[in-house]
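Notes for the one structure printed next.
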Amino acid sequence: MNNEFNLHNYVKEELPTLDIKFAEPIKNHAYTKLGGSADVFITPSTYDEIGAILQAARAEHIPITLLGHGANLIVKDGGLRGITMNLNKFNEIRSENHTIYAQAGASIIEVSRYALDKELSGLEFACGIPGTVGGALFMNAGAYGGQIEDVLVKAVIMTQEGELLTLSKEDLSFGYRKSIISEKNYIVLEAEFALQPADLAMIQAKMKEFTEARESKQPLEYPSCGSVFKRPPGYFAGKLIQDCGLQGKRIGGAEVSTKHAGFIVNVNNATSQDYIDLIELIKNTVKQNFDIDLETEVIIIGEDPTN
């Protein structure tokens, strides 16, 4: 890829009809409210437009980053080079019998509420997960004993070469907070969920229980990237961090939540570097105290600032 000036001109020439922004701050689009700027930020509205973006990127070896709600993501303060593609316009949700079809940009919370309206059970666990359908498949999102692979039937994806594929749940190789989507750089377009008919009051009660548990235990009053660390075998990351006495620890505007030690919250205009430094401090302290290596669940991408 050539310099930024040439990238801008190339995108304007090759993709003149698309919704494009230049030097777009990621913090305007991320759940964490932090992150540097994207060189080129494109919000396509059709599958053909996605294919055109991929083709243009391949032709000039331009890197592409896919961004949803940025709910489990930290973009470094230096931002994102190349093209950042946001699929939030792909937010259709529909149903047929006991099956729900949802596009990648739809909020997984909205999908769970849609299921409630249709008196379908199985997605109650997702009623508080602040991400998109695409992001939920990417990391096999889960909560309260449920996860995406429990209800997913298949997904429509696009490869980096622009090929459309329909992959079964088995094809996606789900694991704990991971799937083959990240390994292959697949772009999720649509997901199909198989649910079960159930009593409306029962579904409402379960969602109410999960919502109250989340509100009582999680620091929802501040922007955050959700649960920062994966659960170590036999332990709880939050309990380990709490036992290290790190609750309330701040670096810059980032703080280990006093409500739930597994969360880092943006309490005062934190930078991405504040978050990253605090993550490293937590990992080193837990290692020193318990000889346990914490693994991040949050994904960290982008460039370090140049100055």
Side-chain angles (χ1 to χ4, degrees), residues 1-92 103-107 131-135 137-139 155-165 181-191 225 271-273 299-307:
M1 185 181 73
N2 296 325
N3 61 40
E4 183 179 341
F5 175 80
N6 287 337
L7 170 62
H8 287 198
N9 284 340
Y10 178 80
V11 169
K12 286 179 180 178
E13 291 171 2
E14 295 298 317
L15 307 167
T17 63
L18 271 63
D19 181 359
I20 301 173
K21 297 177 182 178
F22 298 105
E24 176 68 9
I26 294 298
K27 66 181 180 181
N28 293 345
H29 304 275
Y31 199 74
T32 50
K33 304 301 181 188
L34 46 81
S37 295
D39 289 345
V40 177
F41 190 92
I42 306 181
T43 309
S45 55
T46 68
Y47 292 168
D48 286 344
E49 288 183 352
I50 296 174
I53 294 166
L54 294 174
Q55 182 179 1
R58 285 198 310 277
E60 292 298 319
H61 306 287
I62 301 168
I64 285 188
T65 302
L66 200 64
L67 181 73
H69 290 174
N72 199 243
L73 184 73
I74 294 173
V75 175
K76 292 182 179 180
D77 297 314
L80 296 170
R81 303 292 73 83
I83 294 172
T84 298
M85 184 162 53
N86 181 279
L87 300 186
N88 284 352
K89 289 183 180 178
F90 295 86
N91 56 16
E92 180 185 347
Q103 289 186 311
S107 161
T132 61
V133 168
L137 267 66
F138 182 93
M139 65 173 298
V156 178
I157 65 96
M158 186 179 290
T159 69
Q160 290 294 312
E161 291 69 44
E163 182 183 6
L164 283 173
L165 298 175
I181 295 166
S182 58
E183 297 173 25
K184 299 288 189 180
N185 288 321
Y186 289 150
I187 298 171
V188 177
L189 301 177
E190 184 175 291
C225 55
T271 65
S272 297
Q273 195 59 51
I299 299 166
I300 301 172
I301 61 173
E303 305 292 324
D304 293 318
T306 54
N307 49 41

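Heavy-atom basis, side chains included; hydrogens, waters and symmetry copies ignored.
- Phe90 is not listed as a side-chain neighbour of Thr132, based on a closest heavy-atom distance of 4.5 Å or more.
- Remark: the backbone N or O of Ser45 is paired with a side-chain donor or acceptor of Glu49 at under 3.5 angstrom.
- Counting all heavy atoms, side chain and backbone alike, Thr32 lies closest to Cys225 at CG2-CB, 3.4 Å.
- Counting heavy atoms from C-beta on, the side chains of Val133 and Glu190 never come closer than 4.5 Å.
- Looking at residues two or more places apart in sequence or on another chain, you find a side chain to side chain contact (heavy atoms under 4.5 Å, CB included) between Ala155 and Leu137, Ile157, Leu172.
- Once rounded to the nearest 0.5 Å, the distance linking CG of Asn86 with CG of Leu66 reads 8.0 Å.
- Asp77 contributes no side-chain N or O that, together with a main-chain N or O of Gly36, makes up a donor-acceptor pair within less than 3.5 Å.
- When every heavy atom of Tyr47 is checked against every heavy atom of Met158, the shortest pair comes out as O-CE, 3.7 Å.
- Residues His29 and Glu24 meet the side-chain proximity criterion, which asks for heavy atoms closer than 4.5 Å.
- Using a 4.5 Å heavy-atom threshold, the side chains of Leu73 and Ile26 count as separate.
- Between Val40 and His8 the shortest side-chain heavy-atom distance falls below 4.5 Å.
- Scanning all heavy atoms of the two residues, the minimum distance from Ile64 to Ala57 falls at CD1-CB, 3.5 Å.
- Taken to the nearest 0.5 Å, the CD1 atom of Ile300 stands 10.5 Å off from the CG atom of Asn72.
- Atom-to-atom distance recorded for Ser37:OG and Asn28:CG is 8.5 Å, nearest 0.5 angstrom.
- The shortest distance between side-chain heavy atoms of Ile20 and Phe41 does not fall below 4.5 Å.
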Next item on the list: List the steps and the verdict of side-chain contact (heavy atoms from CB on, under 4.5 Å) for Asp19 and Lys89.
Entry: CA-CA 11 Å; Asp19 181 359; Lys89 289 183 180 178; 3.4 Å; yes
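- For the pair Tyr10/Ile62, a side-chain contact is recorded, criterion being any heavy-atom separation below 4.5 Å from C-beta on.
- In the displayed structure, Glu92 atom CD is contacted under 6.0 Å by more than 12 heavy atoms of other residues, nucleotides or ligands.
- Enclosure of atom NZ in Lys76 by more than 12 non-hydrogen atoms of other residues, nucleotides or ligands within 6.0 angstrom is indicated.
- The distance from atom CG of Leu54 to atom CD of Gln160, rounded to the nearest 0.5 Å, is 5.5 Å.
- Distance check: Ile301 CD1 to Leu67 CG gives 7.0 Å after rounding to the nearest 0.5 Å.
- The shortest side-chain heavy-atom distance between Met85 and Ile187 falls under the 4.5 Å cut-off.
- Using a distance-only test at 3.5 Å, with no hydrogens or angles considered, a donor-acceptor pair links the side chain of Asp39 to the main chain of Gly82.
- In terms of heavy-atom proximity, His69 sits nearest to Ser107 at CE1-CB, 4.0 Å.
- Here the closest heavy-atom approach between residue Gln273 and residue Asp304 is recorded as OE1-OD1, 4.3 Å.
- Side chain of Ser272 to main chain of Ile74: no donor-acceptor pair is present (N/O by atom type, distance under 3.5 Å, no hydrogens or angles).
- Residues meeting the side chain to side chain contact (heavy atoms under 4.5 Å, CB included) test with Ala52, sequence neighbours left out: Leu15.
- Listed here is the closest heavy atom pair of Leu18 and Ile42: CD2-CG2, 3.7 Å.
- The side chain to side chain contact (heavy atoms under 4.5 Å, CB included) check on Tyr31 picks up Ala71, Pro130, Arg214, with sequence neighbours excluded.
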